[in-house]
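What follows is a single structure, written as structure tokens, with notes after it.
Below, chains carry the letters A, B, ... as their sequence lines are ordered, and counting in each starts from 1.
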Number of protein chains: 2
Amino acid sequence: MDQSADTKSHGAAGTPDFMLQAFFPYLARVFYTHVSGAVSGLYEEPFGMKRYEWRTMAILGQNPAMTASDIVAASSMDKVSVSRAITALRGRGWIAERANKADARSRLLRLSRSGREVYETLVPQMIALEEKLLADLSDTEIGTLKALMARVAASAAALRDG
Amino acid sequence: MDQSADTKSHGAAGTPDFMLQAFFPYLARVFYTHVSGAVSGLYEEPFGMKRYEWRTMAILGQNPAMTASDIVAASSMDKVSVSRAITALRGRGWIAERANKADARSRLLRLSRSGREVYETLVPQMIALEEKLLADLSDTEIGTLKALMARVAASAAALRDG
DNA sequence: TTGACATAGTTTCAGATGAAACTACTTTTG
DNA sequence: CAAAAGTAGTTTCATCTGAAACTATGTCAA
């Protein structure tokens, strides 16, 4: 992949030339696909978990007790995915539930003991993976990358809305 | 989203705390989701194209005549997706084909006149979108971002393989 | 040659996905 | 308070996906 090349350059005709391989969204996709693939290796094979199940577990692991809606709000997943992930985690006995006195439509969820065991096995592996992913970058570069991603994401979100 | 926060920090217990919202792959997903969403708006509604159809068209648009395998090699899509995208584009008359004398298993593909019209409508919009996405960044920052994404992607790919 | 293996592209199958409809409960309004 | 409107969570339905099987053709080696 050639980072230095520009996406466009004008040929003889009126339409600018276009190279997918230099197109920013394409580079973003290649980047994300690789990062995502590295992470999924940690929860798919060893625990038979799917993408949304891991994300849901990650949210539950860091909070004492919360509803499905809280998970949706905290994770930028849609409620259908969260609902299914909860069903799957519950099916393995990884979630403990109790009634929500404030609202009978929902329940308060947390990781069960066995769920927490899985979580506490995964978390150090996730942290180690993150460190390996970013091992070639200095702390400054890591901060720069995160900040630039956030700025572009904000631009993209603004383009969608208005 | 808090960029300055670290993913991990140690609490009282042995397991490090973990915050999904600061986890690098999570940030990468949010970033990619927004960027990808901005792009898909350009080809989905106006032309009824799907993700893989746009990518296939983008590849075909920049090459004179190529086989499906060539598209696979150039795009990091899998051959099933490319096959289906070609079928869809062909169904709209956007692809012109001729026999491949060198190998009868494949055909040589290029955009038809009407396919090229769509392509030449989309390309300037894509370039404009890319510029808007990156408008807040200096040229230096854009180069930095692309380079850092590539380095992390390479690390991730290396982690998967070995 | 010709049989064994490899490759190009398509189809099948078994999930993954999300929008919309739906059920149950809650809040608001008249 | 009762009806209307809203919200939490689930299910349905209509794709979207990709791995694996499959068909047709090509290549290699004896």
Side-chain angles (χ1 to χ4, degrees), chain A residues 29-30 32-34 36-37 39-41 43-45 47-56 59-60 63 65-91 95-110 160, chain B residues 29-30 32-34 36-37 39-41 43-45 47-56 59-60 63 65-91 95-110 160:
Chain A
R29 178 175 73 88
V30 170
Y32 169 68
T33 301
H34 282 120
S36 174
V39 175
S40 66
Y43 56 75
E44 278 179 358
E45 285 305 310
F47 296 101
M49 292 173 81
K50 292 168 198 160
R51 192 199 304 238
Y52 293 126
E53 295 167 26
W54 150 244
R55 287 182 202 153
T56 298
I59 298 283
L60 284 173
N63 290 89
M66 63 200 311
T67 66
S69 293
D70 294 334
I71 297 172
V72 170
S75 66
S76 75
M77 293 185 274
D78 66 274
K79 67 180 182 173
V80 178
S81 301
V82 170
S83 175
R84 284 196 268 243
I86 290 168
T87 300
L89 294 173
R90 184 168 38 219
I95 281 186
E97 301 174 89
R98 58 184 163 81
N100 181 7
K101 286 176 185 169
D103 190 335
R105 292 171 300 183
S106 61
R107 277 146 288 148
L108 290 171
L109 311 166
R110 61 181 176 75
R160 276 226 118 175
Chain B
R29 177 175 74 88
V30 171
Y32 169 68
T33 301
H34 282 120
S36 174
V39 175
S40 65
Y43 56 75
E44 279 179 356
E45 285 305 309
F47 295 102
M49 292 174 80
K50 291 168 200 161
R51 191 198 306 234
Y52 294 125
E53 296 166 27
W54 150 244
R55 288 183 201 152
T56 297
I59 299 284
L60 283 174
N63 290 88
M66 63 199 311
T67 66
S69 293
D70 295 333
I71 296 171
V72 170
S75 67
S76 74
M77 293 186 275
D78 66 274
K79 67 180 183 172
V80 177
S81 301
V82 170
S83 174
R84 284 196 269 244
I86 289 167
T87 300
L89 294 173
R90 183 167 40 218
I95 282 186
E97 301 174 89
R98 59 185 163 81
N100 181 7
K101 285 178 186 169
D103 190 336
R105 291 170 300 181
S106 60
R107 278 146 290 150
L108 291 171
L109 310 167
R110 60 180 177 76
R160 275 228 118 173

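What separates CG of B:Asp78 from C1' of C:dT12 is a distance of 15 Å, to the nearest Å. Rounded to whole Å, atom P of C:dA16 lies 20 Å from atom NZ of B:Lys50. In this structure, B:Arg84 places its CZ atom 13 Å from P of C:dC13, rounding to the nearest Å. In this structure, A:Glu53 atom CD and C:dG15 atom C1' are separated by 13 Å, rounded to whole Å. When rounded to the nearest whole Å, the span between CE of B:Met77 and P of C:dG9 equals 13 Å.
Of all heavy-atom pairs between B:Gly48 and B:Glu53, the closest is O-OE1, 4.1 Å. Across A:Ala68 and A:Val82, no two heavy atoms sit closer than the pair O-CG1, 3.9 Å. When all heavy atoms of A:Met77 and A:Thr56 are compared, the closest pair comes out as CE-OG1, 3.4 Å. Residues B:Ser76 and A:Arg29 approach most closely at OG-NH2, 3.3 Å, considering heavy atoms. Between B:Ala85 and B:Tyr52, the closest heavy-atom pair is CB-O, 3.5 Å.
To the nearest 0.5 Å, atoms CG (B:Asp78) and CZ (B:Arg84) are separated by 8.0 Å. One distance of note links CD of B:Glu97 with CZ of B:Arg110; it measures 10.5 Å at 0.5 Å rounding.
The side-chain contact (heavy atoms from CB on, under 4.5 Å) test applied to B:Thr67 returns B:Ser69, B:Asp70, B:Asn100, B:Ser106, B:Leu108, not counting sequence neighbours.
Within the 4.0 Å cut-off from OP1 or OP2 of C:dG18, at least one side-chain nitrogen or oxygen of A:Ser81 is found. The phosphate of C:dT17 has OP1 or OP2 within less than 4.0 Å of a side-chain N or O from A:Arg51.
The nearest heavy atom of DNA chain C to A:Tyr52 and to A:Lys79 marks one nucleotide each, and the one closer to the 5' end goes with A:Tyr52.
Contact annotation for B:Thr87: no contact, since no heavy-atom pair falls under 4.0 Å across all strands. Looking at heavy-atom distances under 4.0 Å, B:Thr67 makes contact with sugar-phosphate atoms alone, never a base.
Checking side-chain atoms of A:Ser83 against main-chain N and O of A:Lys79 turns up no donor-acceptor pair under 3.5 Å.
Less than 4.0 Å separates DNA chain C from at least one heavy atom of each of the following residues of residues 99-108 of chain B: B:Arg105, B:Ser106, B:Arg107.
You can see that DNA chain D meets the heavy atoms of chain B within a 4.0 Å-exclusive cut from D:dC16 to D:dG26, reading 5' to 3'.
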